[in-house]
Structures are given as structure tokens and as C-alpha cells.
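This report refers to the structure that appears directly beneath it.
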Amino acid sequence: MTLQYQDPQLRQRGRASVDFLAQMAMASGGIRQKVDTAIAQSVPDPSDLPDDLDDRLAFMDAALAEEDAYVIQQLMGDWHGRMHGRIAAEAFEEVKDDLADAFAEAEKGPATLILDSELQPPAYWDGVSFHRTGPWDSHEEMGYVHGEIVHKKMVARFFPGGIFKQRAEVAALAPRDDYKRILDMGCSSGHFTSALQMTYPDAQIVGVELAAEMLKHAWRTANANGWSWELHQKLAEDTGFDDASFDLVTSYIILHEMPESAIRKLFAEAFRLLESGGDMLMSDVTRFADMDKLAVWKADRGAKFGGEPHWRESASLDFAEIAREAGFVDVKAEGIYPHIVQGRKP
Ligand SMILES: C[S@@+](CC[C@H](N)C(=O)[O-])C[C@H]1O[C@@H](n2cnc3c(N)ncnc32)[C@H](O)[C@@H]1O
């Protein structure tokens, strides 16, 4: 049951399309090398690149416009961006009837799912096609399509370091092992939440997430594993939970999907929700401050064309400073990817 639930046996057509996309991403290494060689010739010293990020994009596009490898790389990236969500959804369509029993079985508890049909999503999220997969609430089974097909059958195959191993390593960084009530902000389909559960098996795990479609998958995953999660459709930066009702508040890779004002509110909300002595553990993408100008250009360009409208603003922030402003003490920031910020409520 759990295996069928978590690892869909795709039909031949869907499997071939998914494999093609994953192989295409893996095979692009040779082209990337050619592009890197062309970049090294065009930009011998990255510190000479324009400071302004829009000027830098324009400068690099002009410098590489005649490079075949660059043009091919952009075309492949664009095609991948446009097609992966559609291919994953079509592959799901072929197996959806096979999964109906497993879904029904995984809806019997012990986890609780509390949806809020009145919730007004923020403008920075509503209708945005993050990663160009489609908005997080754009498919009634987006949690399954994204969590099981896009993530596990495509991204996990070419992501350096392994997306699930990284989550387990980050979860284990919190300083105590006796947490009683953990909140995971932006829990999505529950990948990091699962790592928290396995790392702190005695804690009550609570997740908040805007998209009911993602939460539904987290809920079924918890149920299929016998985990008693409490999952709420709520805004991470304004949860409405009681003050001091958690001893650990976490997030994994949600902050680059938020503008600065919402990020500041999220850290303040984490502070409010923690009891005195409670810990905060947030992780996100590489800070622009930790890269040279060329690496920033690559990340910024990837974000611009990869459906990440808030990445530039978010990756330019100093989360440690924001955490201190929210009131956290013993703040430390470390790691390139993911970049991890920890702090304690005094
Ligand atoms: C990249 S995913 C998070 C990944 C997840 N933590 C994991 O380990 O796979 C970002 C998630 O955050 C959710 N999200 C974005 N802004 C949010 C907000 N303000 N409040 C709650 N959830 C939010 C999105 O709907 C999406 O499901």
C-alpha cells in the first residue's frame, strides 16, 4: 500500500516522457561545460560585471548571443520549464484510477487536515506559476503530481546531493532532540515534514501551507505512515496559533518564494509562536552575498526564466540580520545550499 502510494508505476507513455525530461537534464552537462568555457572567454574577471542585476543580465545575454551552446542551453531550459508540469500531470492522469484505492485508504487518519476555504492567498503567491510547474493550487492533485512525479521521478535524479538526504541533514541540525511541538512553515507535500517526523519521532508535528492541494498529499503521506500530523491551510506569516505554542519552528525552501515584507513577518511570527528557549531553523537557497558576480548572474537568470519571481529579492537578504531584528538570539547562518539560519527565543 505505502509503496504503491509513494511510487506510482507510471504507464509506458508517461514513464517515457518523464524519463526523457530527466535524461535531458542529466545530459545537459556537456553543453553546460561548453557554455562555461564560452563564459570564461567572455568574462575573464567576474568582478568586472555590472553591479546592477538587470544590467548584468543584458550584458551576459549580449556577450553570449552568438554562442551556439548558450542558445541551445536556453532553448532546452525553456522547453523543460514549459513541459515538465504538463508531462507530470499527463503521466498522473494515466495512473490516477490505479491510485484511487490507495488514496482512499490513506485518508483514514491518524493525521488531521484542517482546510480554510475562506483563506485569502497573498498576491505574491496567488496565480504564480512557481518553477513554471503551474500555481501550487492549479491541479487538484498537485501534491501528488509535484511531490511524487516532478520531485521524485525527475528532480531527485539530477539534483546534486539528493533532495531527501539534504532534508534529513537539515532537520537534524536543531540543537535539541526532545522537542514536543514542531511547526513546519510551508510544508507543501510534506517532504521536510517527513524528515522532521523521522528525526523527532516523539514530537507533535504541525504543518502550515497555503495550497489545499499540497496539504492533501502531506496528509495522505502522514496517514500512510501512521503519523499523527496536524495540517492546516494557513498563511505562514499569520497563523493565528497561540503565542508560545511550539518549541521548534522550521521552514525548508519556502523563503525564496516570498517577498521581503512577508519574510520579515514570517520570522516575527516564528518568534511569537515559540516558547521561551524555543528554537528556529530556517533554510533556503544560496545567498547572493555568498557567490561571485558570475554565480549570482547564473542563479538570477535561472530564477527569472524558471518561474521564481521572488528569488532575487529573497536571495539578496541577510536572514541572520532579519532573525535578530525579530528578537532571536544566538543567531547563526551557515551553508551554501541550503543556506541555514538558526536562532533561539530568549
Ligand atoms: C518549495 S515549497 C516548500 C518545500 C517543502 N518545505 C519541502 O520540503 O518540500 C514552497 C511551499 O510553500 C508554500 N507557501 C508559499 N508561501 C507561503 C505562505 N506565505 N504561507 C504558507 N505556505 C506558503 C507554497 O504553497 C509551497 O507549497
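Counting convention: from 1, in listed order, for ligands and their atoms alike. Remember, it's a predicted structure, so these values are computed and weren't measured experimentally.
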Exercise. In this structure, which one of H146, E257, E213 forms a side chain to side chain donor-acceptor pair (under 3.5 Å) with W136?
Worked result: E257

Exercise. Atom 14 (N) of ligand 1: which protein heavy atom is closest, and how many Å away?
Worked result: I254 CD1, 3.8 Å

Problem set entry | D284 (side chain) donor-acceptor with I254 (main chain) under 3.5 angstrom | yes

Exercise. In terms of residue, atom name and distance, what is the protein heavy atom nearest to atom 2 (S) of ligand 1?
Worked result: W136 CZ2, 3.8 Å

For this session: Identify which one of T286, I263, V285, L317 satisfies the side-chain contact (heavy atoms from CB on, under 4.5 Å) criterion when paired with H256.
Result: V285

For this session: Test K216 against every option in E107, E209, E141 by the salt bridge (Lys or Arg N to Asp or Glu O under 4.0 Å) rule and name the one that passes.
Result: E141

Exercise. Between the side chain of S314 and the main-chain N/O of W311, is any donor-acceptor distance below 3.5 Å?
Worked result: no

Exercise. What distance do L183 atom CG and K234 atom NZ have between them, rounded to the nearest 0.5 Å?
Worked result: 10.0 Å

For this session: Examine Y124 against ligand 1 and note whether any of their N/O atoms are separated by less than 3.5 Å.
Result: yes

Problem set entry | Side chain, backbone, both or neither: W125 near ligand 1, heavy atoms under 4.0 Å | side chain

Problem set entry | Side chain, backbone, both or neither: F164 near ligand 1, heavy atoms under 4.0 Å | neither

Seminar exercise, completed: Per-atom filter on ligand 1: closer than 4.0 angstrom to a heavy atom of K234 are 20 (N), 21 (C)

For this session: Enumerate the atoms of ligand 1 whose separation from the nearest heavy atom of L235 is less than 4.0 angstrom.
Result: 19 (N), 20 (N)

Seminar exercise, completed: Rounding to 0.5 Å, atoms CD (E269) and CD (E237) come to a distance of 8.5 Å

Exercise. Polar-atom distance check: G186 versus ligand 1, any N or O pair below 3.5 Å?
Worked result: yes

Exercise. With a cut-off of 4.0 Å, which atoms of ligand 1 are near a heavy atom of M258?
Worked result: 19 (N)

Exercise. How far apart are the C-alpha atoms of D19 and K153, what are their side-chain angles, what is the distance that settles it, and do they pass the salt bridge (charged side-chain N to carboxylate O under 4.0 Å, His left out) test?
Worked result: CA-CA 8 Å; D19 279 351; K153 293 198 177 290; over 6 Å; no

For this session: Check each atom of ligand 1 against the heavy atoms of F192 and keep those under 4.0 Å away; list them by number with element.
Result: 7 (C), 8 (O)

Exercise. Does any N or O atom in H191 lie less than 3.5 angstrom from one in ligand 1, N or O only?
Worked result: no

Exercise. Counting both backbone and side chain atoms, is some N or O of R167 under 3.5 Å from an N or O of ligand 1?
Worked result: yes

For this session: Output yes when the distance from some N or O of ligand 1 to some N or O of A236 is under 3.5 Å, and no in every other case.
Result: yes

Exercise. Does the cation-pi check pass for R181 over F246, that is, NZ or CZ under 6.0 Å from the six-membered ring centre and within 45° of its axis?
Worked result: yes

Problem set entry | Heavy atom of the protein closest to atom 22 (N) of ligand 1 (residue, atom name, distance) | L210 N, 3.3 Å

Exercise. Hey, is ligand 1 close enough to H131 that some N/O pair sits below 3.5 Å?
Worked result: no

Exercise. Is F130 near ligand 1, meaning one of its heavy atoms is under 4.0 Å from it?
Worked result: no

For this session: Start with the C-alpha gap between R344 and D279, add the side-chain angles, then the distance that decides, and say whether salt bridge (charged side-chain N to carboxylate O under 4.0 Å, His left out) holds.
Result: CA-CA 5 Å; R344 185 173 51 79; D279 296 310; 5.3 Å; no

Exercise. Can you find a pair of side-chain heavy atoms, one from R312 and one from L53, that are under 4.5 Å apart?
Worked result: yes

Exercise. What is the nearest protein non-hydrogen atom to atom 10 (C) of ligand 1, stated with its residue, atom name and distance?
Worked result: E257 OE1, 3.5 Å

Exercise. Ligand 1 and E209, any nitrogen or oxygen pair closer than 3.5 angstrom?
Worked result: yes

Exercise. Tell me, which protein residue and heavy-atom name are nearest atom 4 (C) of ligand 1, and how many Å apart are they?
Worked result: Y252 O, 3.5 Å

Exercise. Are D178 and Y200 close enough that a side-chain donor and a side-chain acceptor fall under 3.5 Å?
Worked result: no

